[in-house]
Every structure is written in C-alpha cells, then in structure tokens.
There are 2 protein chains.
Amino acid sequence: MCLECCNQSCLINNCTLDWIEKISSKKNTPHYPKNQFIFFEGSLVMGAYFIKRGQVKIISSNINGKEQTVRLAKEGHMLGHTAFGLEKYSIGAVTLSESEICFVDNRTLQEAFLENPKFTIEVMRFYSRELRKSEIRTKCLAMMNNEEKVILGLLYIAETSNDQNSNQTKIYLSRQEIAQIIGTNSEQVSRVISNLRKDKLLDTEDRTIVLHDLEALKATLSHYCIAIEY
Amino acid sequence: MCLECCNQSCLINNCTLDWIEKISSKKNTPHYPKNQFIFFEGSLVMGAYFIKRGQVKIISSNINGKEQTVRLAKEGHMLGHTAFGLEKYSIGAVTLSESEICFVDNRTLQEAFLENPKFTIEVMRFYSRELRKSEIRTKCLAMMNNEEKVILGLLYIAETSNDQNSNQTKIYLSRQEIAQIIGTNSEQVSRVISNLRKDKLLDTEDRTIVLHDLEALKATLSHYCIAIEY
DNA sequence: CGTGCTTTTGAATAGTATCAAGGCCGGTGG
DNA sequence: CCACCGGCCTTGATACTATTCAAAAGCACG
C-alpha cells in the first residue's frame, strides 16, 4: 500500500489521496535480487517503474555486446519512463543491490498525469534534474582524464547509494562495473584505485572500496565547477 | 502573438486557447543574431525559453574556460527549463544561427503548468526524450573513436538544423565548434573530415561541410544500434 | 597588401587500451 | 581436509590512439 509506504521521496506521493489509493491497488511491487534485469533493451513498454528501495543501473549496449552504464538510480527515482510514446525501451535496467521496485501500467499512469497536476509537474522536474545531471556528466566524461573519471564515478556511486549512514561510504561494485559507468576498462580502474589508496584518498577492504573523505575527493574535481546538488 | 505563430511544434500550443493568449501577452520574443548568449552559466533563473526559429547550443565550461557543448536545440525546443527550483543556471546557451526565441517568466509558466495538464505532460515528454537522447550520446561518446564521434557530431548537427529542405545538408559550424560537441579538438576534426572527403562520404565547399548522403554516414555507426528518431 | 583567424598537415609526445602473467579468494569436489 | 578451478584484481610491457606543438596555406577584413 502506497499510503503506508516508508519511501517519502516517491513521486506518487504528489497525487491526491484517492489517486494514491487507486495507483496502489493497480501497481505491483516485486522483490528483485542483486544483478537482476528489470527490463531489457528492446523490450516492449508497458509502464513505468518507481524504485522503493535499492540501487539500479541503466545500461545501453552496442552490437558487440559491450555495455555502457548511462545512469544510476536509487529510491525515489523513476525508470522506463523515457520510453513513453515509443514502442520499445532503447535502454535496459539492472539492479545493483537487492531492491523493491513498483510497477505502474501506462494507462493508469496516463490518467494520473491528467488528473494530478502536482504529480505531473514533479515528474517533469525529476526529468529536468536528470537531464541536467546527464549533461554535466557528458561534459565531465568528455573533458576528464582517467583518474578524474574514476573519482567522478566513485562519487556518483556514493551519491546514488542508499547507505549514507556513517561518515564512510562502502562501494561493492566490481572494477568492471565501475569502468562501464565512466567508459573505460577494469585495468585502468584498478590502477587509479591503487594510486588513490597510496595518496590516502580512499581505502580498500578486500575488493570493497571505502570512501572516508568525500570532500577531499570532490576537491580534486573542483576545476570542473560541478554543481553538486543531486 | 502565439495564436498566429508559424511554429507548429511549439509546446505552448498544448495549452487551452485562453492560456495561449495569456502567455502570449506576457512573453517577449527578442531577435538574436548568430553567436549571441541567451543566458550565461551562473546567471539567475527568471523563466524558460521557447525556440521559435534558429539553432542553439547549450554549453558548460570548466574553470580554465574550456567549453563543452552538451546539447543542441532547434525550433520547438525548450531552454533554461532544467534550472527550475535552482537559483542559477548550471549551463549556458548560445545561438548558432540567427534566431527568434520566446521568453516566459517563471510565475506565468508555473500557473500554466497547474491549469494545463496536456501542456505539462508534453513538456514532461520533451524532457523525457531529451534525457534519452543525452544518455545515448553518453554511450556513444564513451565507446566511439574519434572518426565515429565526428560522424555522430555531424549527424547531430544535421538533425537539429532547420534547413533540411533539399537532399543535401550544409554545416556552417567551425571545426572548433564541432570539436566541442564531441569532446575533442579542431585538428582531429579537420583530419577526420579530410579522410571522409577522400572516402566520398561528404564534400566541402570552402569551410562549409556538405552532407549529401546521410544514410551512408549513419550506416558507419550502425554497430552502436542508435535509435534514430530525434 | 598586410594582419589575424581558421584550416590543414606533419611530427613529437602523452595518455589510454590491450595483452599477458601472477596473485588472491571463494566455491566445488575428490 | 585439501587440491583444483574459475573469477576478479593487480601490475607490467607493449601497441595504439589521441593530444599537443608547430608550421604553412587559405580566407576574410580593413
């Protein structure tokens, strides 16, 4: 039930009470394990997904199967939405952690948009923010060298991670997964992480990366004037 | 007057008739020459811009003044929008051709959104499409080599160009401007264009680039499964 | 006709991707 | 329990690509 949902950041909360109930009765909320596809590139568009809990990567591949992560999403984010009006998703989505994700079909969503202006406006603002973030990312990936890109990637992962409880952030993604976020390969990521560890900008515990000073990492990217308000 | 506007693709047309008139009475439509700033990075957000005619680049710079073009826009597109809720624009916009661009202040826009669901939905869809395009671009710029990026850039410029009347598209941007769109430098662009001319994939007339076979150019990028429906 | 800007091309350099080998760790099966 | 296997990580050597530097030519402009 949406009305009892723990996730305050869910966009559906911008609907009227009776619409929240209506959506609640139509949606379903499967439980996804880690590394599970939510939808595939090329599959049919049936509706939109709202992340209740967990971290998700949005991916796009070339014909050789090489995969690029184009966006990360966490609780409160919407997925699949970018495909409205098209027949098929041009991108795919995969869970990075164990997740709960609500699915709402196109028809219900369309009616909700027409009758809940506040909801529609907030969804619009969500896209607007994501577009701005995507554009800043375009700039960074175009102008940065490998070391800077890795730092950018780590900060991005940290910001879209859910466990920001303590003063240290742990990253459980593989070197390969990080490489796909910033557009390089696992060897380069490994090299840069080794250097950053020597410079005491991060620690590693086995394969886990531990960020203990986000501000110091951000400072290394300050030349790019990144607006950091995700 | 919006009601008499020649631009059928303008998003404002999704409002009710009286709202179109209301917006019409509040907006202004300055005439911009080529290479004119519409708004600067860091300036205050007063409203949104609707392109009536012309081509515009959205740019973002680093602290050294190096400039990256993160998006191209043409008639029917919205600008400045991505800054709602923020105090300042994190990006800037510059005309690439002589243009007419309508400005609507934040307050009027906000009221229009609340009372014109169809308008809001279409603006949302516009963002949604732009986000998808930006993400595909992220993938391409991450995976392509320089030659492919230049071809991608030329196709992007052609698609956001207004004079698609004949079977050949002319591009008047400098090598430097093209380089900033794809994240390289003018020398590389020059080299690639020389090679493409030898391969008969394009022609040049003085500094102008002439594309006479868009399909052949697109075919060279087919490995990337680009959804080409801008 | 000179000046300044863009384009083009070559050469040197720097940076990144690729290839290869070894180490570490967890899981599996004898 | 231990040996083996496969996956991921790390590091070095090498090849390749892209950037930078430099110079000359072309064009626009006063």
Side-chain angles (χ1 to χ4, degrees), chain A residues 34-35 62 64-69 96 139-154 157 170-199 201-210 220 223, chain B residues 33-35 62 64-69 96 139-154 157 170-199 201-210 220 223-224:
Chain A
K34 192 177 171 174
N35 292 324
N62 70 4
N64 304 318
K66 198 174 168 188
E67 194 174 280
Q68 171 74 20
T69 297
L96 286 173
K139 171 179 103 171
C140 289
L141 295 182
M143 301 208 298
M144 286 176 171
N145 64 28
N146 258 335
E147 179 168 291
E148 294 167 327
K149 283 192 212 176
V150 170
I151 296 174
L152 182 80
L154 294 176
I157 294 165
K170 295 193 177 188
I171 292 177
Y172 301 97
L173 305 202
S174 71
R175 309 294 181 260
Q176 173 70 15
E177 285 172 313
I178 296 170
Q180 287 171 339
I181 293 170
I182 58 176
T184 181
N185 53 52
S186 60
E187 293 97 324
Q188 299 299 328
V189 173
S190 188
R191 270 181 247 276
V192 171
I193 287 176
S194 295
N195 289 336
L196 293 177
R197 187 177 44 224
K198 283 174 198 155
D199 297 344
L201 280 165
L202 53 75
D203 301 313
T204 53
E205 294 172 0
D206 294 335
R207 295 171 177 182
T208 306
I209 299 163
V210 184
T220 65
H223 318 87
Chain B
K34 192 176 171 175
N35 292 325
N62 71 4
N64 304 319
K66 199 175 168 187
E67 195 175 280
Q68 171 74 20
T69 297
L96 286 173
K139 170 179 103 171
C140 289
L141 295 183
M143 301 206 299
M144 287 176 170
N145 64 28
N146 257 336
E147 178 167 291
E148 294 167 327
K149 284 192 211 175
V150 169
I151 295 173
L152 182 79
L154 294 176
I157 295 165
K170 295 194 177 186
I171 292 176
Y172 301 96
L173 305 201
S174 71
R175 309 293 181 261
Q176 173 69 16
E177 284 172 314
I178 296 170
Q180 288 171 338
I181 293 170
I182 59 176
T184 183
N185 54 49
S186 59
E187 293 97 323
Q188 299 300 326
V189 173
S190 188
R191 271 181 247 275
V192 171
I193 287 176
S194 294
N195 289 335
L196 293 177
R197 187 178 44 223
K198 283 174 197 154
D199 296 344
L201 280 166
L202 54 75
D203 301 314
T204 53
E205 293 172 1
D206 295 334
R207 294 173 176 181
T208 307
I209 299 163
V210 183
T220 65
H223 318 88
Y224 297 94

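The basis for the numbers below is simple: all heavy atoms, side chains too, and nothing from hydrogens, waters or symmetry mates. The sequence lines fix the lettering, A, B, ..., with proteins before strands; numbering per chain opens at 1.
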* **Test item: A/Glu147 and A/Ile151 side chains (from C-beta on) under 4.5 Å apart, heavy atoms** => yes
* Angle between terminal axes - the helix from C/dC1-D/dG30 to C/dG30-D/dC1, 5 pairs each end, rounded to 10° -> 30°
* For B/Ser190, report the nucleic acid contact type (base, sugar-phosphate, nothing); a contact means any heavy atom under 4.0 Å. => base
* Structure fact -> A correct 5'-to-3' footprint of nucleotides 22-30 of chain D, with B, S and - meaning base, sugar-phosphate only and no protein heavy atom under 4.0 Å, is ----B----
* **Non-hydrogen side-chain atoms of A/Glu177 and A/Asn35 separated by less than 4.5 Å** => yes
* Could you check if a side-chain atom of B/Lys34 sits within less than 4.5 angstrom of a side-chain atom of B/Leu96, using non-hydrogen atoms only? => no
* **Nearest-Å distance for atom pair CG/C1', residues B/Asn145 and C/dT16** => 14 Å
* Asked: Rounded to whole angstroms, how far apart are CZ on B/Arg197 and C1' on C/dT9?
  -> 12 Å
* Asked: A/Leu141 versus A/Lys149: any side-chain heavy-atom pair under 4.5 Å?
  -> yes
* Has the side chain of B/Asp199 got a donor or acceptor atom that lies under 3.5 Å from a matching backbone atom of B/Leu201? -> no
* Asked: Expressed in angstrom and rounded to an integer, what is the separation of B/Asn35 atom CG from C/dT6 atom P?
  -> 11 Å
* Specify the closest pair of heavy atoms between B/Tyr224 and B/Lys139, including all atoms of both residues, with the distance to one decimal. => O-NZ, 2.9 Å
* Rounded to the nearest angstrom, tell me the gap between atom CG in B/Asn146 and atom C1' in C/dT16. => 13 Å
* Asked: Reckon A/Thr184 touches a base, only the sugar-phosphate, or nothing at all at heavy-atom distances under 4.0 Å?
  -> sugar-phosphate
* Asked: D/dA18 P sits how many Å from B/Asn195 CG, rounded?
  -> 12 Å
* To do: With heavy atoms under 4.0 Å as the rule, sort A/Asn185 into base, sugar-phosphate or nothing.
  => base
* Of all the nucleotides listed (C/dA17, D/dT11, C/dT6), which has the minimum atom distance to the side chain of B/Ser174? -> C/dT6
Listed pairs under 3.5 Å, donor-acceptor, residues 178-186 of chain A side chains, sequence neighbours left out:
from	atom 1	to	atom 2	distance (Å)
A/Asn185	OD1	A/Glu187	N	3.4
A/Asn185	OD1	A/Gln188	N	3.1

* Structure fact -> B/Arg191 atom CZ is separated from D/dA18 atom C1', nearest whole Å, by 9 Å
* Asked: So, does B/Asn62 use its side chain to make a donor-acceptor pair with the main chain of B/Asn64 at under 3.5 Å?
  -> yes
* Atom CZ of A/Arg175 and atom C1' of D/dG7: how far apart are they, to the nearest Å? -> 14 Å
* Polar side-chain atom of B/Arg207 near backbone of B/Arg175 as donor-acceptor pair, under 3.5 Å -> no
* Could you check whether B/Ser194 gets within reach of a base, just the sugar-phosphate, or nothing at all, counting any heavy atom under 4.0 Å? => sugar-phosphate
* Distance, rounded to the nearest Å, where A/Gln180 contributes CD and C/dA17 contributes P -> 14 Å
